[in-house]
2 protein chains.
Amino acid sequence: MLLHDEPPDGGQKDKVTRKRRRRTSPRRVTMADVAKAAGVSAQTVSRTINNPDVVNEDVRLLVEDAIRRLNFVPNFAASQMATNRSRIIAVILPSLSASIFANTVQGLSSMLLPAGYQILLGHTHYSNEQEEAVVRSILGRGPEGIVIIGTTHTPNARQLLQISGLPVVETWEWTRDPVDLLVGYSNEGAAVEMVRHLYAKGYRRLVFSGVVEAGDARGQSRLRGFQAETARLGLDASRIHLLEGCDLSLKTGGASVDAIRSRYPDADAIFYSSDIFAAGAVQQCRKLGLRVPEDLAIAGFGGFDIAEILIPSLTTIRIPSRQIGELAGRLLLSKLTKVAVEAPHIRVDYTLVPGEST
Amino acid sequence: MLLHDEPPDGGQKDKVTRKRRRRTSPRRVTMADVAKAAGVSAQTVSRTINNPDVVNEDVRLLVEDAIRRLNFVPNFAASQMATNRSRIIAVILPSLSASIFANTVQGLSSMLLPAGYQILLGHTHYSNEQEEAVVRSILGRGPEGIVIIGTTHTPNARQLLQISGLPVVETWEWTRDPVDLLVGYSNEGAAVEMVRHLYAKGYRRLVFSGVVEAGDARGQSRLRGFQAETARLGLDASRIHLLEGCDLSLKTGGASVDAIRSRYPDADAIFYSSDIFAAGAVQQCRKLGLRVPEDLAIAGFGGFDIAEILIPSLTTIRIPSRQIGELAGRLLLSKLTKVAVEAPHIRVDYTLVPGEST
DNA sequence: TTGTACGCGTTATCAG
DNA sequence: CTGATAACGCGTACAA
């Protein structure tokens, strides 16, 4: 037992360097344990799990019984090391609050779970810097695909995504230059449509209001659409009230009404970048005794339930949130199973839903 | 150039077993690559990343530069193998739609991301069988903690959670017998409170309506609370209209009004298990020309934005969804850092929010 | 059909 | 402070 360990050759190999380490934790049940319990080799256990057809019926039953008795759960990390497949799809989104993207995740999940994939979540909190960090740490997990909200990333993040060689689905925006796959729509076009609607309804002194932060390119696109179309129609395109550093809440929307009315007293319509703000604004108008839409028209964006039940019901743009997730999932599955992807860039339809508020 | 590399000792071993395998994929950059590029050992690269203080300033800079140049991203799976730490927290929830739990996930994430954990999502689609499968596959990832919605699981799922030895936080319900940690409230108690409110307001012919499926124990608890309290108050406790197989939507809520009125023509108040249903019902009443609350009172559950902006505003029970997530995250962090957990079972407060609808 | 021997990329351990 | 080496648990390749 004395240690003259490590006679590198000569005595060959020799024991002694053994017992090098006994990893701390109370070690989980492994395939080897199951194998021993079933009286077979670890390899047979592996086959029983991944390729049951090639093992003998009786051996299989033996192994399956051992698995159950020992409560064996295969270690995916080890499996990932061996196969280089993680069965993980990563979703990178700004935030899960306010449920804007919750349905997208749900749709995605409904496509991917049955295929055996799990979903790893990454929050950027609407910050591009965070996004880069999140992308980096997510790549470390070796996901087999990535779904990301938006098409606007830091150069580094974009490069990381690109060189990863993974299927990447950008969503909720449209671009001529996607990293890889795309399921989106034009926020600018949607905003243009809303401006036209307001114009057609007779409104001429339009105000745009919303969160347009660095990390929220979708808000920026909507703003650009507003500016472009109001200008084209010969209206004042400069009436913009940004809500920076505010959270996406009814309260924020309500407060904005006062600010906007003092800044643009003659405004006859406000176009909000989100239904949440718009709903808060409608509520505030009621408190102020302003009639909607006679005294002030209000439009939102998103197509949430809230738009429908509001009184007056809210004019909004409906985005097929869940469908975006489903399509993204389908694209990924095609790519992952080497099926030729017919259309790598899918444009989903937004719908202007006229309400009583305009 | 012929390959007689690796003559491990005498002639023994003999080659031949070499070139055993060249894993398919275009192999990613590894620590060894970085090490070579920086002219150090892989171990030093590892230290530079995980324990920068112990490496020489100049060596560190050298390594960091190589990391950047090669765009090296450490492989978490390998790290997990070596350390037995995954830096993953799993969240198991029924569904992300309708945003009920989205804020909980958000709150959890806000606590855990800064601590370097990532979030793995598992959807059960409101089915206990699914839950067990999800638990199993999630355990395979070796998460360091689990947050799960609900306290009602299949015996197997419960056992899996228990023997995993991981910190497990059950949420959104209350129980005397949690698996481990708990952040919840009594759905039954909340329903009782709502019944009392309705009673105090003078309503006597109450109807309970909601989704009470096998996998949704929270709905069941609310129902039990309704039954218990109506009975205690000497009211008819049998007026129950279940919405099975329906999705959580305004439409479902609206349709229920007609069904309920034909089944219980004299009903004077409906208590819905969700604000979504209640909002749909209010909308439907308006269409039918029913006055709320004079002809029919309506109450919801959840405390969503929708309750506040509805006209009439909705009486509801507000659940601190985000706070539940934050508290769960805090509990996990305490456990994971071995800090003594002062209170492993945290009761959060629900609030009855009186509205104009009752 | 089953078993044996690597090797995946990282970190813990121990020797310099 | 740095380097060499042995695990971690599984799947692939090949031999039996």
Side-chain angles (χ1 to χ4, degrees), chain A residues 3 5-6 8 13 15-36 38-60 62-63 72-87 140-142, chain B residues 6 8 13-25 27-36 38-60 62-63 72-87 140-142:
Chain A
L3 22 66
D5 45 312
E6 248 317 86
K13 260 57 252 299
K15 37 36 286 250
V16 183
T17 0
R18 67 177 72 286
K19 189 51 70 36
R20 178 56 153 288
R21 151 129 118 296
R22 183 71 278 154
R23 245 34 176 257
T24 49
S25 47
R27 216 167 61 64
R28 288 178 16 188
V29 177
T30 101
M31 272 195 180
D33 300 326
V34 177
K36 200 180 304 170
V40 299
S41 77
Q43 203 35 241
T44 300
V45 178
S46 173
R47 279 192 274 258
T48 309
I49 294 177
N50 302 315
N51 220 350
D53 320 327
V54 307
V55 305
N56 255 340
E57 175 75 8
D58 44 351
V59 176
R60 211 197 65 214
L62 221 58
V63 172
F72 169 66
V73 178
N75 181 330
F76 279 20
S79 165
Q80 175 174 354
M81 290 288 296
T83 61
N84 211 17
R85 300 202 49 190
S86 63
R87 313 242 61 161
R141 295 279 171 203
Chain B
E6 245 314 86
K13 257 68 237 321
D14 204 20
K15 39 27 293 246
V16 180
T17 3
R18 69 176 64 283
K19 189 51 68 37
R20 178 55 151 292
R21 151 130 116 298
R22 184 68 279 156
R23 254 11 185 268
T24 49
S25 47
R27 213 165 64 62
R28 289 179 13 189
V29 177
T30 110
M31 270 194 182
D33 299 326
V34 176
K36 201 180 305 170
V40 300
S41 76
Q43 197 42 237
T44 299
V45 177
S46 173
R47 277 192 277 258
T48 308
I49 294 176
N50 302 315
N51 221 349
D53 320 327
V54 308
V55 305
N56 254 341
E57 176 76 5
D58 44 351
V59 176
R60 212 197 64 213
L62 221 57
V63 172
F72 169 65
V73 178
N75 180 330
F76 279 20
S79 168
Q80 175 175 353
M81 290 287 297
T83 61
N84 211 16
R85 299 202 51 191
S86 64
R87 313 241 61 161
R141 296 277 171 204

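Everything quoted here is computed from the prediction, not taken from an experiment. Lettering of chains follows the sequences in order, A, B, ..., and the numbering in each one begins at 1.
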To the nearest Å, how far apart are [X] [atom1] and [N] [atom2]?
{"X": "Arg141(A)", "N": "dG9(C)", "atom1": "CZ", "atom2": "C1'", "value": "14 Å"}
{"X": "Lys36(B)", "N": "dA4(D)", "atom1": "NZ", "atom2": "P", "value": "13 Å"}
{"X": "Met81(A)", "N": "dA7(D)", "atom1": "CE", "atom2": "C1'", "value": "11 Å"}
{"X": "Arg85(A)", "N": "dG9(C)", "atom1": "CZ", "atom2": "P", "value": "17 Å"}
{"X": "Gln80(B)", "N": "dC10(D)", "atom1": "CD", "atom2": "P", "value": "12 Å"}
{"X": "Asn51(A)", "N": "dT2(C)", "atom1": "CG", "atom2": "P", "value": "12 Å"}
{"X": "Asn75(B)", "N": "dG7(C)", "atom1": "CG", "atom2": "P", "value": "18 Å"}
{"X": "Asp33(A)", "N": "dC10(D)", "atom1": "CG", "atom2": "C1'", "value": "13 Å"}

Next on the checklist: As a test of reading the structure: which of dC1(D), dG9(D), dT4(C) is closest to the side chain of Gln43(A), going by heavy atoms?
Outcome noted: dT4(C)
Could you go through residues 42-56 of chain A and list every donor-acceptor pair under 3.5 Å that involves a side-chain atom there, pairing it with any protein atom two or more places apart or in another chain?
residue  : atom : partner  : partner atom : Å
Thr44(A) : OG1  : Ser41(A) : OG           : 3.3
Thr48(A) : OG1  : Thr44(A) : O            : 2.6
Asn50(A) : ND2  : Ser46(A) : O            : 3.3

For [N] and [X] - does any side-chain N or O of the residue sit under 4.0 Å from the phosphate oxygens OP1/OP2?
{"X": "Ser46(B)", "N": "dT11(C)", "value": "yes"}
{"X": "Ser41(B)", "N": "dG3(D)", "value": "yes"}
{"X": "Thr30(B)", "N": "dT10(C)", "value": "yes"}
{"X": "Thr44(B)", "N": "dC1(D)", "value": "no"}

Next on the checklist: Does Arg47(A) contact dG3(C) through a side-chain donor or acceptor facing the base, at a distance under 3.5 Å?
Outcome noted: yes
Item to check | Minimum side-chain heavy-atom gap Arg141(B)-Arg87(A) below 4.5 Å | outcome: yes
Item to check | Validation row: Met81(B), Gln80(A) side chains within 4.5 angstrom (heavy atoms) | outcome: no
Item to check | Terminal axis angle for the helix from dT1(C)-dA16(D) to dG16(C)-dC1(D), five pairs an end, nearest 10 degrees | outcome: 30°
Item to check | Residue list, salt bridge (Lys or Arg N to Asp or Glu O under 4.0 Å) with Arg60(A), at least two apart or on another chain | outcome: Glu57(A), Glu64(A)
Checklist outcome for this item: Of all heavy-atom pairs linking Asp33(A) and Thr30(A), the shortest is OD2-N, 2.8 Å
Next on the checklist: Pick the closest DNA chain D nucleotide for Val40(B) and for Asn50(A) by heavy atoms, then say which residue is nearer the 5' end.
Outcome noted: Val40(B)
